[in-house]
Every structure is written in C-alpha cells, then in structure tokens.
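Note that these values count all heavy atoms, side chains included, but never hydrogens, waters or copies made by symmetry. In the text below, chain A, chain B and the rest are named by the order of the sequence lines, each starting its count at 1.
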2 protein chains.
Amino acid sequence: MAYHQCTVHPEKVEEVARGMQAPQTLDRMSAFLKVVADPTRLRIVNALLMGELCVCDLAALLGMEHSAVSHQLAVLRKNAVVSVRQAGKVKYYSLSDDHINTVFNVTLTHVNE
Amino acid sequence: MAYHQCTVHPEKVEEVARGMQAPQTLDRMSAFLKVVADPTRLRIVNALLMGELCVCDLAALLGMEHSAVSHQLAVLRKNAVVSVRQAGKVKYYSLSDDHINTVFNVTLTHVNE
DNA sequence: ATAACACATGAACGCACGTTCATATGAACC
DNA sequence: GGTTCATATGAACGTGCGTTCATGTGTTAT
C-alpha cells in the first residue's frame, strides 16, 4: 500500500523550519561529527588530549600500520581537528582546537550518564 | 619498500595508554557520534531542539518519505537520543537528553568559529 | 649523492550503512 | 469487524568510506 498524505500541521512545520540552521551549517556539523565518530580517529583524539605525539608513537599506541594512522591523520588535518609541528624527520600532532576537548568530554559524560 | 620498526618512545606511549578511556567507552562514544553525524538525523535533532514533533510533520519538514524518517527515528530511539509519546494514532518524538543539546551547540560554534 | 628513516599519498578491495520498495502492525472510527 | 490513517519493519540495492598494498616525498646522516 502506498503512503498517504497525512494530516500535517503547516504552521508548526513552518515555525520549526524558520528555526533550523542553514543547510551548509548542518553539512559542516555533520562532516565534523563524522570525522570524530570514527573509532580510530576518536582514539587518536583521546590520545592527543594528553599532549602531542608523533605518527610513530601513535601507530605503536593503536597497534596499527603507519599508513593507516597517516590516512586518518590526513582526514583530521583537512578538517582542522589536529595541527602538525615538524622537528627534523618527525612530525608531532596535537589538537588544534579546544572545542574538540569539549565535544569529547560531553560525549564521554553522555555515554556514562 | 616495507615499513620499518621506527624509534618509539615506550615510556611516553605507556603513559598515554594508561590515560586512555576504556575500549568499550570509546566504542559507545563512537556509536553515539555516528548516530548524530548522519545529515538526516542531525536535521531531526535540530528540529526537535524546538520541541516535540510527530513523524508526519518531520517528514513534511525534511521533504522525505515517512519510511525513511521512521528508520532514522528507530536508530535515534535505539541509541536513547529521542523519546516517544503516543497520543492516539500519532507518536510525538522529542530529545530524551540534555547532553545532545550541548553537543549540538558546541559543534555549531565549532564550525562557525 | 646515496642510503636509511619518518611520513604521505594513490589506487583498489570489501563492507557497513542509508535509501527505497514492499509489507506489516496498531489505533480509531464507521 | 473492516477500513482508513499513522507509523514501523524487512529486505534488497547502491554507495561512500576505512583498510591495505604499493609507491612517492622529504629529511638527516655518512
């Protein structure tokens, strides 16, 4: 059976529609949340909460290939979640923003409630 | 060329490893973030910030099929993001938690910085 | 300058996940 | 009880995305 046109409340819908964030804002929010939602990247963020780390140590910490870690770091970089500091051959990554800290902690308390 | 075992700093890695959240905690955090990272579900959350809505009005607001909305609401329900109140044939959805409000607003200010 | 090290990037494979179509449940009204 | 309305659920299809493998870039040291 096909779907019917149900009884909508147009005034209510329009009121809420006006209160909605702009589409491109929601897209950026969605993109950011997707970035930190990935388990591997969330573990990287968790680690970097305690200070900067090089790719090498991150790979050892997570028990992953350098390549995999580097790919995830590229995603985090392109979304301005982490920053890089180069010292010789080694690159040290750190969180570039304080909001990530907040999001992490609020999410943490939410799942622990 | 294959990857070499690079020069790790074991004491640093172990220190950070001790400070990491438990794996199941990170998994729950990841799962929650994935739920709200989806564009459609984020729009639903945005709408419900302004008060409860029925499936019918949500479908009209989002310009989607009832079925698609209902599927996403099921995901949000199973992850305790929304609650249902039934009034006759109609089911009204609302945010079940205040943390979601916080996560939404912090994320919003982050992408606007 | 050549080699070894630390990391980045490109491409391809595999799978999870959102959408869609179809069907099912459940409530209210006749 | 049968029909209509409001929502839920099942299954299959398509695609985006994370992983892996292979190769590339850049830096230091000899």
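For A/M64, the side-chain atoms get nearest to D/dT19 when compared with the rest of D/dT7, C/dC7, D/dT19. Ranking D/dA22, C/dA27, C/dA22 by closeness to the B/Q86 side chain, first place goes to C/dA27. With distances taken from any side-chain atom of B/S70 to the nucleotides C/dA6, D/dT9, D/dA6, the minimum falls on D/dT9. Nearest nucleotide to the side chain of A/K89, out of D/dT28, D/dG10, C/dG26: D/dT28.
Rounded to an integer number of Å, the gap from B/D38 CG to D/dC17 P is 11 Å. Between the P atom of D/dA8 and the CG atom of B/L76 lies a distance of 12 Å, rounded to the nearest Å. Regarding A/K34, its NZ atom lies at a distance of 17 Å from the P atom of C/dA16, rounded to whole Å. Residue A/L73 contributes atom CG, which lies 10 Å from atom C1' of C/dA8 at whole-angstrom precision. Here the P atom of nucleotide C/dC7 and the CZ atom of A/R85 are 12 Å apart, to the nearest Å. Between the C1' atom of C/dA28 and the NZ atom of B/K91 lies a distance of 15 Å, rounded to the nearest Å. For the pair B/N79 CG and C/dC17 C1', the interatomic distance rounds to 13 Å; values are reported in whole Å. Distance B/H66 NE2 to C/dT20 P: 14 Å, rounded to the nearest Å.
For the residue pair B/R77 / B/Y93, a side-chain donor-acceptor distance below 3.5 Å is found, with atom types taken as modelled.
OP1 and OP2 of D/dA6 both lie 4.0 Å or more from every side-chain N or O belonging to B/Y93. Between A/R41 and the phosphate of D/dT19, there is no side-chain N or O to OP1/OP2 separation shorter than 4.0 Å. Between B/R77 and the phosphate of D/dT9, there is a side-chain N or O to OP1/OP2 separation shorter than 4.0 Å. Put simply, B/Q72 has no side-chain N or O that comes within less than 4.0 Å of OP1 or OP2 on C/dC17.
To the nearest 0.5 angstrom, B/H110 atom NE2 is 8.0 Å from A/N79 atom CG. The CZ atom of A/R41 sits 13.5 Å away from atom CG of A/L48, with the distance rounded to the nearest 0.5 Å. Taking NE2 from A/H99 and OG1 from B/T109, the interatomic distance works out to 4.0 Å, rounded to the nearest 0.5 Å.
If you run side chain to side chain contact (heavy atoms under 4.5 Å, CB included) between A/V106 and each of A/V103, A/T102, A/L108, only A/T102 comes through.
Here A/H71 lies parallel enough and close enough to stack on the base of C/dT9, with planes under 30° and ring centres under 5.5 Å apart.
Between the side chain of B/S67 and the base of D/dT7 there is no donor-acceptor pair of N/O atoms closer than 3.5 Å.
Note on A/Y92: nothing from the nucleic acid sits closer than 4.0 angstrom, heavy atoms only.
When the nearest nucleotides of DNA chain D are assigned to B/V55 and A/T40 by heavy-atom distance, the more 5′-ward of the two goes with B/V55.
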